[in-house]
Amino acid sequence: MNPVIAHLPVLLLVLPIIAALLILLAGMVNRNFSYPITLATISFQFASSLIIMVSVMTGGTIHYYLGGWAPPMGIELVIDAFNSYVLVVILAMALLIAVYARRGTALDIPPEKTVAFFVVFQLLVTGLCGMTITGDIFNLYVFLEIASISTYALVASGRNTRSLIAGFNYLVLGSIAAGLIVLGIGFLYVATGTLNMGELAAMLPASYGLATVQAAFLLLMIGFSIKVAFFPLHLWLPDAYTESPSVVTILIATATSKVTAYAMIRVIFSVFTLQYITESFPVTEMILVIASIAIIAGAVLAIAQDNLKRMLAYSSISQMGYIMFAIGIANQAALEGGLLHILAHAVMKGCLFMVAGILIYRTGTTAIRQFSGLSKTMPFTCAAFVLAGVSMIGIPPTIGFMSKYYLVLGAVEAGQYLAAAVLLIGSLLAVVYIWRVIEIMYSGSHQEETLHTGAEAPLSMLVPVLILAASCLFLGIFVDVPLAIIEPAVTLLLGVG
Amino acid sequence: MTPGILPLLPLLLPIAAAALILVVGRHEDLRESVTLGTAGVMVVVVLAMLPEILEGGRISITLLPLLPGGDLALRVDAFGMIFAITASVLWFLNSLYSIGYMRALREHDQTRFYFCFAIAIAAAMGIAFSANLVTLFVFYEILTLVTYPLVVHAGTPEALQAGRKYLAYLLGGGICLLGATIITYTLTGTTEFIPGGFLAGTGTGLMLQLLFILYMAGFVKAAWMPFHAWLPAAMVAPTPVSAFLHAVAVVTAGVFGVVRIAGWVYGTELMAVLGLGTVLAVIASFTIITASLFALAEDNLKRRLAYSTVSQLSYILLGVSMLSMAGLTGAMVHIPFHAFLKITLFFGAGAIIVGSGREAISEMRGIGRKMPVTAVTFAAAAAGICGLPPFCALISKVYLSVGAVQAGEVILLGVIIASSVLNVAYFFPIIYTMIVARPPDNRALGEVREAPFTMLIPLIVTVAISIAIFFFPALPFLDLAGIALAEITGGGF
Amino acid sequence: MTEELFTLFLSRYNYWMAIVLMLIGLYALIAKQNLIKKIIGLNIFQTAIFLFYISFADVTGGTAPILLPEGTGALYVNPVPHVLMLTAIVVGVSTTAVALSIVVRISREYNVIDDDELGEVMQRP
């Protein structure tokens with residue numbers, strides 16, 4: 001096998017670190033070097049992720065031992081259908097965001113900090129990739145923290161001074177969560193003596209009854225719930241999403257939240273296995289109830305907002321509830337819906353936040369009331385918002401509808417009719433908050449005073465937006481393409497464990 | 001069942017046309033010819049499939065694997081053809097009418113208008129030709145979404161308000177339909193339309209009854225009371241929208257769905273066993289009478305016509321509820337017969353708006369003197385809807401009446417007779433006001449003139465077709481209904 | 001009864017200490033208004049976790065996990081948690097660094113590092 005291909009997994013992690021250093025050094029010469037280096041690195045990473053995905057689909061799960069040390073002594077990278085899929089999703093989003101960031105950072109990040117921004121951006125990507133492909137649970141924590149600390153810094157880096165406070169609060173809550181997670185990992189180590197996820201899965205069943213394992217599960221669940229901003233542990237999210245620079249919001253809304261959700265699903269299903277949460281320690285019902293509340297509460301809170309970014313933030317809380325819903329039902333159809341929603345939400349929310357960023361860039365405001373009549377001056381941007389919004393509501397044949405269908409199907413198959421109804425009502429609520437924005441954008445005349453420039457968005461920002469908007473439609477119509485990898489991923493999660 | 005590419009064309013053509021319309025948007029004549037040209041070709045394509053269907057064949061094509069439950073698949077059968085022929089012929093005429101209307105009123109955003117219309121007809125065709133519930137649902141929702149910009153076209157606060165109501169009802173209905181589809185799939189493992197139904201024996205009686213209620217909630221587009229309020233609200237739309245979508249496409253999609261569920265998902269026997277015929281009969285009768293009463297009270301012409309539509313649509317539901325041969329036939333043929341007559345009435349209302357700017361009936365005294373063609377065709381169509389010869393609606397009413405007797409439900413016969421009386425009660429005053437009454441004074445009709453030529457032609461053509469159908473009902477609607485009925489009842493009843 | 005409680009406490013006193021420290025840290029993190037004190041609380045919380053890990057790594061009678069020249073027969077304390085905690089300490093330090101730099105920025109902007117007063121600042125649009 002080609003030596004480069006054989007070592008792609010670790011290259012995925014090493015490359016962005018080297019790139020970060022490169023940007024730092026090159027940036028001292030000329031700060032304009034940072035952008036092309038970033039773009040090149042992430043493009044390479046994205047291409048690698050595609051190669052890895054193909055390799056996994058044809059050849060089966062990849063086990064890569066770091067440094068050649070076999071577990072349990074060494075750390076291994078395990079790439080199966082599930083995480084190769086997640087990897088492709090987040091790197092695709094990172095690439096589009098990198099393109100968008102060229103102009104997107106202009107408003108929030110002062111020019112002298114551009115280098116710093118891209119360095120931390122690369123470190124964040126490192127953390128996210130690491131979290132996705134690692135097979136060792138402590139390694140997961142380490143990369144989680146690499147990603148989180150980068151995120152704290154990025155969130156706090158906005159021009160708006162409120163972003164500092166949002167960043168600090170996020171840091172506090174995130175660190176508590178990390179503490180809980182590492183505590184949980186410690187308990188698992190005490191119970192089994194290993195940190196390798198595969199071995200944990202094999203050794204844990206013997207100790208299922210132990211309070212240690214139960215405590216570990218709870219600690220991990222709560223820790224991850226804070227990180228994912230699963231209601232009611234979501235309090236850091238609205239401020240962080242609203243006050244951080246637009247590019248950062250897109251990044252954390254699409255990539256970070258997805259990877260953290262992935263980590264949660266991975267720990268629940270691959271380490272603790274389906275049996276545990278349904279039989280030994282039945283929490284699925286409770287997760288389902290909380291998820292249902294999250295879906296409704298998030299949507300209701302979103303309706304009340306006037307700030308576009310804050311509205312989208314609450315919408316994200318509602319949408320992450322969908323993924324929790326999938327965990328709560330835990331059958332084939334529901335989990336397929338949940339995994340599909342990882343892709344769908346990344347694409348839809350990414351598009352919506354990118355549009356928000358463009359609107360702020362052009363009009364200088366986030367107040368929805370001020371967006372009236374924008375469709376005349378920014379037709380493509382508004383059209384993209386409509387398409388992504390329609391997908392968010394879940395109207396066929398968009399991808400948002402497809403994931404919703406599977407979730408409802410899973411709920412009905414499991415006999416959870418009430419939960420299915422909640423999901424459907426949630427999408428009706430989404431109509432309210434999305435449609436309000438669309439109505440305002442397409443009617444009335446724009447107030448001249450709020451314009452910076454009334455022109456359509458610059459190309460480097462518009463192209464990613466349009467790509468994402470089109471993806472909402474095309475991924476929906478050709479939904480069997482992502483499903484081709486999601487189905488085996490779910491079977492693996494549910495069966496082998 | 002023969003596979004073929006023809007079913008796909010009536011969907012692809014309007015979508016391509018829509019794209020083209022966006023591109024040539026600024027060149028008005030070019031844009032209008034795209035619409036008209038596509039509409040003409042559509043009629044030809046749909047009629048091209050007719051011979052095979054009349055011989056009892058069906059043409060099908062599977063487009064995409066979509067979801068567990070159903071692929072995106074099309075199947076052209078007799079019942080679908082009824083809807084398709086109606087929609088395509090009327091789209092052509094309506095497009096001609098729209099051109100006259102929009103240009104006469106110098107309406108804004110015409111490109112968006114024609115774009116949405118083209119996608120809407122594609123969605124309607126998709127519903128007509130859907131082979132399973134999933135496909136039906138997909139196009140159903142697309143239809144809701146794409147008609148929204150048409151409803152709120154004016155952009156005024158009232159229009160936006162009406163649009164919100166429209167979306168609330170129709171999307172809410174869509175959610176129920178989705179739930180019903182998924183439940184059907186979980187019960188039976190499929191959502192394919194099968195003549196005679198496939199739900200029998202799959203769930204408890206109560207469950208299937210509740211499921212039917214869920215389906216009815218899904219088909220809010222059939223405007224059954226009390227969930228009909230979106231239809232009068234939607235009359236804020238430009239008249240071509242009201243004429244085509246809310247007399248033909250959107251509402252017909254609703255009743256079409258109900259008939260499909262009755263014949264191809266539940267089956268007439270299962271419906272009878274579960275007592276669903278009675279449920280449907282109650283809903284339909286209530287709607288028919290109440291909507292007619294509301295119509296009596298309306299002064300705005302379009303809103304009165306809207307309530308008339310609500311009432312007439314429930315004739316179709318009534319026919320289905322009878323679960324008898326003649327009743328079902330009457331229901332199926334009332335779809336096109338009502339469409340042709342109703343669209344004439346709306347065309348007339350629009351002509352009056354263009355020619356005189358008036359929307360309230362009380363302001364239309366003696367308008368027939370200045371707008372003779374409009375008034376006469378309107379009067380003719382009104383007479384037709386009431387069930388007078390020589391118009392096609394008489395035939396469907398006769399079938400419905402016979403069907404009521406066949407089913408042994410004399411009360412339904414009473415409903416039909418009562419509502420016919422009410423029809424006359426709310427249509428006759430309009431005709432009287434327009435033609436017989438004298439204008440209040442000589443100046444009142446000052447600026448009124450007859451509508452433009454491009455609007456008058458469709459008016460006359462639709463009335464003529466309604467008369468023609470009366471004399472030649474078999475081609476093709478009665479024949480098609482007969483084939484469809486034979487399909488779902490397996491020949492004997 | 002008290003006998004059992006006593007042994008319960010004494011036999012696992014290391015876990016109890018870790019929990020008490022954690023709670024002190026959390027208390028400081030949540031209840032204290034001054035931002036610097038919050039960061040200190042966070043550090044205490046994290047340190048408690050380190051101590052917890054290292055304490056369960058202990059093997060009765062074991063010695064420090066450095067290979068003795070003879071190599072055989074010696075009982076070592078489990079080195080893995082020590083290694084893990086080295087990493088965790090680094091994570092804690094980075095977090096503290098970022099937190100402190102944020103607090104420095106906040107103090108420059110607002111001249112305030114008290115949470116309550118900050119809350120008022122946030123309210124202003």
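Every heavy atom of this structure was used, including side-chain atoms; hydrogens, water molecules and symmetry mates were not.
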Bottom line for A:V142: the part with an atom under 4.5 Å from chain C's heavy atoms is side chain

State the CG-CZ distance between C:L100 and A:F168, to the nearest 0.5 angstrom. 8.5 Å

Top contributor to chain A contacts, counting heavy-atom pairs under 4.5 Å, from C:L29, C:I30, C:V90: C:L29

To the nearest 0.5 Å, what is the distance between CG on A:L171 and NZ on C:K38? 11.5 Å

C:Q46 and A:S175 have their tightest heavy-atom pair at NE2-CB, 4.4 Å

Contact between A:L183 and C:M22 at the side-chain level, heavy atoms closer than 4.5 Å - yes or no? yes

Please flag which part of C:T87 lies under 4.5 Å from any non-hydrogen atom of chain A: side chain, backbone, both or neither. side chain

Portion of A:F138 that has a non-hydrogen atom of chain C nearer than 4.5 angstrom: side chain

Straight-line distance of C:T95 OG1 to A:Y152 OH, nearest 0.5 Å: 6.5 Å

Between C:L84, C:V80, C:I39, which residue shows the highest count of heavy-atom pairs closer than 4.5 Å to chain A? C:L84

dist C:I102:CD1 -> A:N169:CG (nearest 0.5 Å) comes out at 9.5 Å

Would you find more than 12 non-hydrogen atoms of other residues, nucleotides or ligands less than 6.0 Å from C:Y15 atom OH? yes

Does any heavy atom of chain C fall under 4.5 Å from the side chain of A:L195, the backbone, both, or neither of them? side chain

Tightest non-hydrogen contact, residues C:F45 and A:G179, listed as CE2-CA, 3.8 Å

Measure from the ring center of C:Y53 to the ring center of A:F187 and say whether it is less than 6.0 Å. no

Would you check if A:I176 and C:L26 make a side-chain contact, meaning some heavy-atom pair closer than 4.5 Å? yes

Can you check whether C:N78 reaches A:Y189 side chain to side chain, under 4.5 Å on heavy atoms? yes

